[in-house]
**Student:** 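Before we start, here is the structure in question, set down as structure tokens.
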Protein chains: 2
Amino acid sequence: MADTTPSQSGQALLFLTDEQLRKGIEAMYFAYRGFTSDPDRILATKEYGRAHHRAIHFIHRSPGTTVTNLLAILGVTKQSLNRVLRSLIDDGLVESRVGRQDKRERHLHLTPQGAALERELSDAQRDRMRAAYRAAGPVAVAGFRQVLEAMMDEDMRRQYEALKDRTV
Amino acid sequence: MADTTPSQSGQALLFLTDEQLRKGIEAMYFAYRGFTSDPDRILATKEYGRAHHRAIHFIHRSPGTTVTNLLAILGVTKQSLNRVLRSLIDDGLVESRVGRQDKRERHLHLTPQGAALERELSDAQRDRMRAAYRAAGPVAVAGFRQVLEAMMDEDMRRQYEALKDRTV
DNA sequence: CACAATACGTCAGCCTTGTTGACACTCCAA
DNA sequence: TTGGAGTGTCAACAAGGCTGACGTATTGTG
């Protein structure tokens, strides 16, 4: 890892000025609001919130995942997740199947209705993402992903990487 | 704006596949958690939350801004902001000065204590940002910013742009 | 001047989503 | 058989969003 020794702090490191970093921080803040706004709008018309979206997303992403697994990915408490999961199961969007090898585990799957909502939400989010990607171009997208991955915590990056290349 | 006509959908548009978009969405989710984790940790030791951080950040950013102005930037209700602002003022981190031209307006400023907390928080956030920027390099950073800006809502982009080039 | 509009503060009540603590149940493995 | 892991659930609480309503300066306008 290079240090900012005086000899290096010329044109090459201009992108590391406090001003540039602050712009990046604000860009991150405003962009994240855009990022969540479309699903939020859809969810507001239904009985659900962002927490439901996250659960649905990762169950779709890794069908058959266990509750503990989901807990680790989402980084919330069991009780918090349980409330969300409870409503999704009661409403018939998520199915909880007792594990075959280990009957203590519950394997989570989306029902057809759950899959439908997942599609509606992710379509909206992907549309915005696609527009942004298209506007910025492939080189920018590669940079975007690089910076985001460098910004994650170690353990988050591990979970992200684990999900990243799965064939779904 | 290019369409995805069959003739174009070769190698050139591979970065627009659903799989790529989904990775981008997850990267955004995990990265945002990293992005907020350092300030959150600091705030947890004090009496404050993320909402206080946002207020402090933008007051620092635009000293003398009015309440209505801050309301527009943060996109929350008056009541919600007031609760946060109240505690910051009571604790002596923010000063609210009656407007000179228009005495209905309150101009918000950080006190020395408020500025100290702002520095503590933004130092932590900038450190992570700097590390990510340094790891990814200037080209990636440019792409990162491009994609984020393309992902904002129109009105958010306007506010972001308005802030972007101010001399602070 | 009278009155509407603006900027702000505040009370009351509601929701979502996070937290901790405690407890029970099932089941696996040593 | 017994400890511990995986799970579900109850209760209580807090932060931080929201709406609706109302009060009070102050300002601009007819």
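Residue numbers start from 1 in every chain, and the chains themselves are labelled A, B, ... in the order their sequence lines are given, proteins ahead of strands. No experiment lies behind these values; they were computed from the predicted model shown.
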**Student:** What's the CZ-C1' distance between R50(A) and dG18(C), to the nearest Å?
**Tutor:** 13 Å
**Student:** Would you kindly say whether E26(B) and H57(A) are connected by a side-chain donor-acceptor distance under 3.5 Å?
**Tutor:**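 Looking only at side-chain atoms, H57(A) and E26(B) do form a donor-acceptor pair, the distance falling under 3.5 Å.
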**Student:** Rounded to whole angstrom units, what separation is found between the NE2 atom of H107(A) and the P atom of dG6(D)?
**Tutor:** 12 Å
**Student:** Closest-nucleotide mapping onto DNA chain C: is R106(A) or H52(A) further toward the 5' terminus? I mean the 5' end.
**Tutor:** H52(A)
**Student:** Considering residues at least two apart in sequence or located in another chain, which fulfil the side chain to side chain donor-acceptor pair (under 3.5 Å) criterion with E154(B)?
**Tutor:** R157(B)
**Student:** Salt bridge check, R158(A) against D155(A): does any charged N sit closer than 4.0 Å to a carboxylate O?
**Tutor:**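 No, D155(A) and R158(A) are not salt-bridged.
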**Student:** Distance check needed: dT16(C) P versus D40(A) CG, whole Å only.
**Tutor:** 13 Å
**Student:** Short of 4.0 Å, heavy atom to strand atom, which residues of residues 77-92 of chain B count as contacting DNA chain C?
**Tutor:**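 Going residue by residue through residues 77-92 of chain B, the ones with a heavy atom under 4.0 Å of DNA chain C turn out to be K78(B), Q79(B), N82(B), R86(B).
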**Student:** Give the intermediate values and the outcome of ring pair (Phe, Tyr, Trp, His ring centres under 6.0 Å) for residues F30(A) and F35(A).
**Tutor:** CA-CA 9 Å; F30(A) 286 116; F35(A) 172 72; over 10 Å; no
**Student:** Specify the separation, in whole Å, of atom CG of L108(A) and atom C1' of dG8(D).
**Tutor:** 13 Å
**Student:** Please pick, from dG8(D), dC28(C), dG17(D), the nucleotide with the shortest atom-to-atom distance to any side-chain atom of V67(A).
**Tutor:** dG8(D)
**Student:** Without decimals, in angstroms, what is the distance between R97(B) CZ and dT26(D) C1'?
**Tutor:**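 Between C1' of dT26(D) and CZ of R97(B): 20 Å.
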**Student:** Between the main-chain N or O of I25(B) and the side-chain N or O of Q125(A), is there a donor-acceptor pair closer than 3.5 Å?
**Tutor:**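 Not at all, since once roles are kept as given, no pair shorter than 3.5 Å links the two residues.
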**Student:** Answer yes or no: is there a donor N or O on one side and an acceptor on the other, between the side chain of S62(B) and the main chain of T65(B), under 3.5 Å?
**Tutor:** no
**Student:** Which nucleotide wins on minimum distance to the side chain of R104(B), given the candidates dA7(C), dC28(C), dG18(C)?
**Tutor:**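 Of the options given, the side chain of R104(B) lies nearest dA7(C).
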**Student:** Pick base, sugar-phosphate or nothing for E47(B), based on heavy-atom distances below 4.0 Å to the nucleic acid.
**Tutor:**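 If one applies the 4.0 Å heavy-atom cut-off, E47(B) turns out to touch nothing in the nucleic acid.
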**Student:** Please report the interatomic distance CZ(R83(B)) to NZ(K78(B)), rounded to the nearest 0.5 Å.
**Tutor:** 14.0 Å
**Student:** Among the candidates dG9(C), dC28(C), dG8(D), find the nucleotide nearest to the side-chain atoms of S96(A).
**Tutor:**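 Side chain of S96(A) sits closest to dG8(D).
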**Student:** Rounding to a whole Å, what distance do you find between L71(A):CG and dG18(C):P?
**Tutor:**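 Answer to the nearest Å: 11 Å.
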**Student:** Quick one: E105(B) CD to dT27(D) P, roughly how many Å, whole number?
**Tutor:** 9 Å
**Student:** So, is R54(B) near the phosphate of dA15(D), with a side-chain N or O under 4.0 Å from OP1 or OP2?
**Tutor:** no
**Student:** Whole-Å distance between dC27(C) P and D102(A) CG?
**Tutor:** 9 Å
